[in-house]
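Some notes on the structure that comes next.
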Amino acid sequence: QVQLVESGGGLVQAGGSLRVSCAASGRPCNSCAMGWFRQAPGKEREFVAVVSWSGQTTDYADSVKGRFTISRDNAKNTVYLQMNSLKPEDTAAYYCARAFGAAPVRTDLGYGYWGQGTQVTVSS
């Protein structure tokens, strides 16, 4: 089994910054990509960012490109999402997920394990 636990969410004013983390435990995967997704009330879950095992390959949704940075520390089994210049439309529950394999994919069908989510609220 794999457990993913997000932390670091909260309330922040527009223009502010926040970093959310995702700690993984359980059965390891020494090649799996890790991704962040988000879901706002009344909306479908959407892709935010993904990072390869090595950290050298990243991909971002157009809506967050240039503002968010995904990274990982494999020694700590932790993935991070640094969010800068936050906007009210970034308000959502943020979920981390572990991909089935090495490919840094955008579709949630490519992920087998999910965390419980952490709420990020951006006030205007």
Side-chain angles (χ1 to χ4, degrees):
Q1 273 290 0
V2 176
Q3 293 79 40
L4 302 174
V5 180
E6 302 93 338
S7 62
L11 174 65
V12 62
Q13 288 188 333
S17 297
L18 206 60
R19 188 179 80 162
V20 291
S21 303
C22 172
S25 61
R27 187 164 60 92
C29 176
N30 294 327
S31 62
C32 291
M34 293 291 294
W36 284 98
F37 291 76
R38 67 186 182 186
Q39 187 168 21
K43 295 188 176 181
E44 293 188 353
R45 184 168 58 192
E46 64 175 358
F47 166 79
V48 176
V50 61
V51 60
S52 63
W53 167 257
S54 67
Q56 292 184 341
T57 301
T58 58
D59 188 23
Y60 297 92
D62 288 345
S63 59
V64 307
K65 197 171 295 184
R67 300 187 298 121
F68 289 12
T69 302
I70 188 171
S71 62
R72 65 191 296 168
D73 184 338
N74 291 331
K76 296 182 178 180
N77 295 318
T78 302
V79 180
Y80 306 97
L81 185 68
Q82 176 67 43
M83 304 180 288
N84 298 330
S85 302
L86 282 161
K87 305 175 181 179
E89 50 264 43
D90 294 318
T91 295
Y94 283 72
Y95 300 88
C96 72
R98 195 176 88 176
F100 286 117
V105 297
R106 291 189 170 202
T107 173
D108 56 3
L109 296 177
Y111 295 80
Y113 297 100
W114 294 83
Q116 293 299 307
T118 185
Q119 179 66 36
V120 172
T121 302
V122 184
S123 63
S124 56

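Values reported hereafter were calculated over all heavy atoms of this structure, with side chains retained and with hydrogens, waters and symmetry mates removed.
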If we ignore hydrogens and angles and just use 3.5 Å, is the side chain of Y111 paired with the main-chain N or O of V105 as donor and acceptor?
yes
In terms of hydrophobic clustering (I, L, V, M, F, W, Y; side-chain heavy atoms under 4.5 Å; direct or indirect links), are L18 and V51 co-clustered?
yes
Calculate, to the nearest 0.5 Å, the distance between atoms CG and CZ belonging to L109 and F100 respectively.
8.5 Å
Minimum heavy-atom separation for V64 to V48, with atom names?
CG2-O, 3.6 Å
With a 4.5 Å cut-off on side-chain heavy-atom distances among I, L, V, M, F, W and Y, is there a chain of contacts connecting Y60 to L86?
yes
Cluster check V50, Y94: I/L/V/M/F/W/Y, side chain < 4.5 angstrom:
no
F47 CZ to T107 OG1 distance, which is reported to the nearest 0.5 Å:
10.5 Å
Distance in Å, S52 OG paired with M34 CE, rounded so as to fall on 0.5 Å steps:
12.0 Å
Do side-chain atoms of R67 reach the backbone of S85 as a donor and acceptor pair under 3.5 angstrom?
yes
With a 4.5 Å cut-off on side-chain heavy atoms, are P104 and T57 touching?
yes
Does a side-chain heavy-atom distance below 4.5 Å link V79 with C96?
no
Could you go through the side chain to side chain contact (heavy atoms under 4.5 Å, CB included) check for M83 and D90 one step at a time?
CA-CA 9 Å; M83 304 180 288; D90 294 318; over 6 Å; no
Please answer whether the main-chain N or O of E6 pairs with a side-chain N or O of Q116 as donor and acceptor at a distance below 3.5 Å.
no
So, for S21 and T78, which heavy atoms are closest and what is the spacing to 0.1 Å?
CB-CG2, 4.2 Å
Which of Q3, R27, R98 passes side-chain hydrogen bond (donor to acceptor under 3.5 Å, both in side chains) with Y113? Answer is R27
Polar side-chain atom of E46 near backbone of R38 as donor-acceptor pair, under 3.5 Å:
no
Using only atom types and a distance under 3.5 Å, with no angle test, would you say the side chain of T91 pairs donor to acceptor with the backbone of V122?
yes
Evaluate the ring pair (Phe, Tyr, Trp, His ring centres under 6.0 Å) criterion for residues W36 and F68: first the C-alpha distance (whole Å), next the side-chain angles of each, then the deciding distance (0.1 Å), finally the verdict.
CA-CA 11 Å; W36 284 98; F68 289 12; 10.0 Å; no
Closest non-hydrogen contact found for A24 with L4 is CB-CD2, 3.5 Å
Determine yes or no for a side-chain-to-main-chain donor-acceptor pair under 3.5 angstrom, with N74 supplying the side chain and W53 the backbone.
yes
Hey, is K65 close enough to D62 for a salt bridge, meaning N to O under 4.0 Å?
yes
Nearest atoms (heavy-atom pairs only) where A14 meets S124
CB-CA, 4.3 Å
What are the two closest non-hydrogen atoms of V20 and G9, and how far apart are they?
CG1-N, 3.8 Å
Restricting to non-hydrogen atoms, name the atom on G115 and the atom on Y95 that form the minimum distance, rounded to 0.1 Å.
O-CD2, 3.5 Å
